[in-house]
2 protein chains.
Amino acid sequence: MFARSIRSSKSRLPRRAIAARYFSSLDLIPDEFSSPSVKTEKVPGPKGLAASAEIGSFQDPRTHVIVPNYEESKGNYLVDADGNVLLDVFAQISSIGLGYNVPALLELAKTDEFAKAAMNRPALGSFPPVQWAEWLKTGLLTVQPKGLDQLITTLCGSSANETAFKCSFMAYRQRERGGPDVPFTKEEMDSCMDNQTPGAPQLSVLSFKSGFHGRLFGSLSATRSKAIHKVDIPAFDWPAAPFPELKYPLSEHAKENDAEEKRCLEEYEKILTESKTTRPVAAVIIEPILSEGGDRHASNNYFRQLRLIAKKHGAFFIVDEVQTGVGATGTFWAHEKWGLKEGEEPDFVTFSKKMQAAGVFHKKETRPNAPYRNYNTWMGDPIRALQAREMIRLIKQHNLVQHTASTGSLLADSFKSVFGSSVASGKVMNFRGEGDGTYLAWDMATPQLRDTFVGKMRVNGVQIGGCGEQTVRLRPMLTFGEKHAEILVGTTEKVLKDL
Amino acid sequence: MFARSIRSSKSRLPRRAIAARYFSSLDLIPDEFSSPSVKTEKVPGPKGLAASAEIGSFQDPRTHVIVPNYEESKGNYLVDADGNVLLDVFAQISSIGLGYNVPALLELAKTDEFAKAAMNRPALGSFPPVQWAEWLKTGLLTVQPKGLDQLITTLCGSSANETAFKCSFMAYRQRERGGPDVPFTKEEMDSCMDNQTPGAPQLSVLSFKSGFHGRLFGSLSATRSKAIHKVDIPAFDWPAAPFPELKYPLSEHAKENDAEEKRCLEEYEKILTESKTTRPVAAVIIEPILSEGGDRHASNNYFRQLRLIAKKHGAFFIVDEVQTGVGATGTFWAHEKWGLKEGEEPDFVTFSKKMQAAGVFHKKETRPNAPYRNYNTWMGDPIRALQAREMIRLIKQHNLVQHTASTGSLLADSFKSVFGSSVASGKVMNFRGEGDGTYLAWDMATPQLRDTFVGKMRVNGVQIGGCGEQTVRLRPMLTFGEKHAEILVGTTEKVLKDL
């Protein structure tokens, strides 16, 4: 057994960052580890492999990366079954907001309020707790995206998206029908029971190539990430528009990128137009950064145009912020930076992951015209609303959105310095995400090199994630700061050197 | 303000029940209320209405029944915002297993283990906690249905069913393809990205009229409960077979019921056969009691035949135990009583609701042939697995399945006595569920009378639920016992008298 403590020998962080100290993860997690430490030759080590094999007797273990010891993990550091301490910049596929075992959150978990909410789980649609309005008004509703003051809670991102789809279909048909008071016809009510038109209408959701919106049947029909996610599963005949294939950094290729975005917008509008005679598009769904599909970015203008063109063609506009929401891109919601004017806001914004609670923000006009049209047993989970409320309070108290914006900026500078040096030559390309907080990404020369890189980073103490074919994506927590950035960049440099 | 304490004046319970004392809810909830108490003229009262209106500013309040104070609720008694104490035999749409604020569960919620599991929510498919195998092997897996030793955890019943659908489609195509090692074709991989055949195949799930399987896009396509659940939502062109329209009590109408079941089985087999040339049925899904559709029952032989005919036609067989599972029907799983032989077990059994954890039990042969085919971020929630483990322990320790079977039996006798008397004449019909634990139900003469009955029960201290068009269904918790039964039956008798 041997222990390797990993520190970069020389800081790559620009001086301005070191000068100003806004927030340290120690403010929230005083006992956070100070650096990674890897004890086993390989990660996972023998205990991790044994734990994974034991799970394998009843559950598919092939997707296991490591088997963590969550009780020992702290802040930005994940401890595994073998006692290895890893700096975690993947954060459970982008779903840990503030860190592992944050004392303020553990304190919340030990309150009577939380315990009773956990053990008396209500059917929220029919029997909401007497504190429900207070819990949301002092929590989730305080971060409602501009213009969207209605909130449907759900249990996960896929069901949030499908709820937005359902509301879109209902509102679309209501408009066609002539308003909320026009009754359904007998033919509609009869035919829907047989899954036939007109009651089950031939309407569609338009999504984008490389987009990811979940893996239930409706959301999977809109997902276009990878064939292995979709093959053998029946799907709705819904259209996919091309997402611009841009050159990075965006700012240095403005002219050719503009042309590509224009081409894609035209194709998008063509689909919206032509589908009117086959399966009209009731809703368009887009991620502000196409994440699972390989961290693909586009300009603010492109997204603004998407929204305006959807409106022009009568399609509702859904922004899927399941992965991008909750501060990590440098604004609370990633779509804030698009600069949509009043009246141009999205119709729906969906969230989950880092928020721990999941759901859909929307406008009152897309509330269904009758009760029980959007309904299920649980309709969310109060304990996740309580957890979100406390996280939102901490995010505000510590200015973590601003912290993440500035950390992201210095991190981007450091990476550019490494990636511009000889260690990265021929190995790293398309560095992107500058200006999107810590949601930075780059491509490796080949898919194999990406997998090797990610594996070597782990053995060197950093849990980092991939996406798309050959992309590395950063998804650190909001408490990720300078000292973590230093370790991350230093380890990246070291691993690149050895590749 | 006035308080009405509600006790039935004369016990309707048969003597044998009073003689033997197996279990009292006080064993688990020592401070449970002893009877309902209604303080307000109407239920909900003014505070409940105000709380509901406040929620109404951001969320649809039209489905609210009452606004409970969960912190004050205890055992089988739900306290509302106005301080009314109601005997709850609806149990959050059948999803409270043991009662409100059960001390043993609150104790669990206060442990470090639970708090850390709540606040360090893992992406289970890639980073399962080191205790994951232990938590399941000492919990959920101890109640695995016979023959099903694999478990995929999910977050809700709808996603459990959709996971079973996806596994069925993959396994069906794999069989057509010639086994797990036959690779996908390029055409399949390309076409699935466009939601087209052959990659997105024209396969179907067969469900039954009046069946309910959830409200996401795949599960909703299989749901056939009510038009208002389905209208305006695009659906897959999947077939529905008739469910037998039987006369109750089943035992008194065996001959005509046999004929109706035979007719329905023939129609079912005809659909399975004919769909082979259009959209072959990859899976059949059925509830042991069609619950939302109006508590519809059929014989054990009917269900056995369903399973055998599915097998004959190469369709996987999914038993949806989301509402019927976890002991309330007098066996842990409702399908146990069908008497399926070894090798005839269902391919999938789905669960949620009372289990608090949700998921799919299945066989190793339906594990997808490649990783990431069944995958999502959370894949369940460890705290719900911990909660399920503790509930299962308590259920076993207190023999609550047997307790529920015997309580159900005496409850059925008492109801038969009331419903055979003049107070029920012309108002109540089709009493059913005898032999299915406490999952008893009956029809009222009209839908309006049903709604009036349910409303008057509430004002008289009993929260009871409806289903179907004019059905009243009982869904008490597993700790429901003699003394609750006495109050329930007494109140029913009183309300019927006043109708």
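Because only heavy atoms are used, hydrogens play no part in the values below, and waters and symmetry mates are left out as well, while side chains stay in. Throughout, a chain's letter reflects where its sequence line sits, starting with A, and its residues are numbered from 1.
Proximity of a side-chain donor or acceptor of A/K116 to a complementary backbone N or O of B/Y70 within less than 3.5 Å is not detected. For the pair B/K353 (side chain) and A/T377 (backbone), a donor-acceptor distance under 3.5 Å is absent. A donor-acceptor pair under 3.5 Å links the side-chain atoms of B/S158 to the main chain of B/R215, judged by distance alone. A donor-acceptor pair under 3.5 Å is absent between the side-chain atoms of A/Q174 and the main chain of A/F169, judged by distance alone.
Options A/A282, A/A109, A/C192 differ in how many heavy-atom pairs under 4.5 Å they form with chain B, and the most are formed by A/C192. Options A/S221, A/A117, A/G48, A/P368 differ in how many heavy-atom pairs under 4.5 Å they form with chain B, and the most are formed by A/S221. For the options A/S126, A/A123, A/A115, heavy-atom pairs under 4.5 Å to chain B are most numerous at A/S126. When each of B/K166, B/R279, B/E113 is checked for heavy-atom pairs under 4.5 Å with chain A, B/K166 comes out on top. In terms of heavy-atom pairs under 4.5 Å with chain B, the best-connected choice from A/N101, A/L151, A/L105, A/V102 is A/N101. Of the listed residues (B/A81, B/G125, B/S204), the one with the most heavy-atom contacts under 4.5 Å to chain A is B/G125. By number of non-hydrogen pairs under 4.5 angstrom with chain A, the leading residue of B/T223, B/D60, B/N376, B/L203 is B/D60. Counting heavy-atom pairs under 4.5 Å between each of A/Y100, A/W238, A/W132, A/Y372 and chain B puts A/Y372 at the top. In terms of heavy-atom pairs under 4.5 angstrom with chain A, the leader among B/P239, B/G157, B/P201, B/S219 is B/P201. Ranked by heavy-atom pairs shorter than 4.5 Å toward chain A, the options B/R373, B/Q463, B/E54 are led by B/R373. The greatest number of non-hydrogen atom pairs below 4.5 Å with chain A, out of B/E107, B/E134, B/M189, B/M193, is found for B/M193. Top candidate by heavy-atom pairs under 4.5 Å with chain B, chosen from A/A50, A/A118, A/A51, is A/A118.
Residue B/Y172: no heavy atom, backbone or side chain, is found under 4.5 Å from chain A. Interface remark: B/Q196 contributes side-chain atoms only to the contact with chain A (heavy atom separation under 4.5 Å). Using a 4.5 Å cut-off between heavy atoms, A/S225 touches chain B through its backbone atoms (N, CA, C, O) alone. For chain B, the nearby part of A/R384 is the side chain; its heavy atoms alone come within less than 4.5 Å. Neither the backbone nor the side chain of A/S73 comes within less than 4.5 Å of any heavy atom of chain B. With a 4.5 angstrom heavy-atom cutoff, A/F184 touches chain B only via side-chain atoms. Only the backbone of A/N369 comes within contact range of chain B, with heavy atoms under 4.5 Å apart. Using a 4.5 Å cut-off between heavy atoms, A/L98 makes no contact with chain B at all. Both the backbone and the side chain of A/D112 come within less than 4.5 Å of a heavy atom in chain B. When heavy atoms are compared at a cutoff of 4.5 Å, A/F361 does not approach chain B at all. Contact annotation for A/F114: only side-chain heavy atoms (C-beta onward) come within less than 4.5 Å of a heavy atom of chain B. Looking at B/T111, only its backbone comes within 4.5 Å of chain A, counting heavy atoms on both sides. Looking at A/Q59, the atoms closer than 4.5 Å to chain B (heavy atoms on both sides) sit in the backbone and in the side chain alike. For chain A, the nearby parts of B/L216 are the backbone and the side chain; heavy atoms of each come within less than 4.5 Å. With a 4.5 Å cut-off on non-hydrogen atoms, A/A240 does not touch chain B at all.
In summary, A/R177 and A/E188 engage in a salt bridge, as defined by a charged side-chain N under 4.0 Å from a carboxylate O. Between A/D149 and A/K364 no salt bridge is recorded (no basic side-chain N to carboxylate O distance below 4.0 Å). A salt bridge between A/E176 and A/R173 is present, with a side-chain N of the basic residue lying under 4.0 Å from a carboxylate O of the acidic one.
Within 6.0 Å of atom CD in B/E72, 12 or fewer heavy atoms from other residues, nucleotides or ligands are found, so the atom counts as exposed in its surroundings.
A/I66 and B/P128 make their closest contact through O-CD, 3.7 Å (heavy atoms, listed as atom of the first residue, atom of the second, distance). What you find for B/I96 and B/Q92 is that their closest heavy atoms are CG1-CG, 3.5 Å.
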side-chain contact (heavy atoms from CB on, under 4.5 Å), that's the test. Do A/K226 and A/E292 meet it? Break it down for me. CA-CA 9 Å; A/K226 288 182 182 167; A/E292 300 303 315; over 6 Å; no
Would you please test A/D80 and A/K47 for side-chain contact (heavy atoms from CB on, under 4.5 Å) and show each step? CA-CA 9 Å; A/D80 78 0; A/K47 288 183 189 164; over 6 Å; no
Steps toward side-chain contact (heavy atoms from CB on, under 4.5 Å) verdict (A/L220, A/I233): CA-CA 9 Å; A/L220 185 61; A/I233 313 299; 3.8 Å; yes
Candidate pair A/R367 and B/R62, rule side-chain contact (heavy atoms from CB on, under 4.5 Å), full reasoning: CA-CA 11 Å; A/R367 194 185 269 191; B/R62 288 169 294 179; 4.3 Å; yes
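A/E71 and B/Q131 form a side-chain donor-acceptor contact under 3.5 Å, judged by distance and modelled atom types alone.
Interatomic distance, CD1 of A/I383 versus CG of A/D381, reported as 4.5 Å (0.5 Å rounding).
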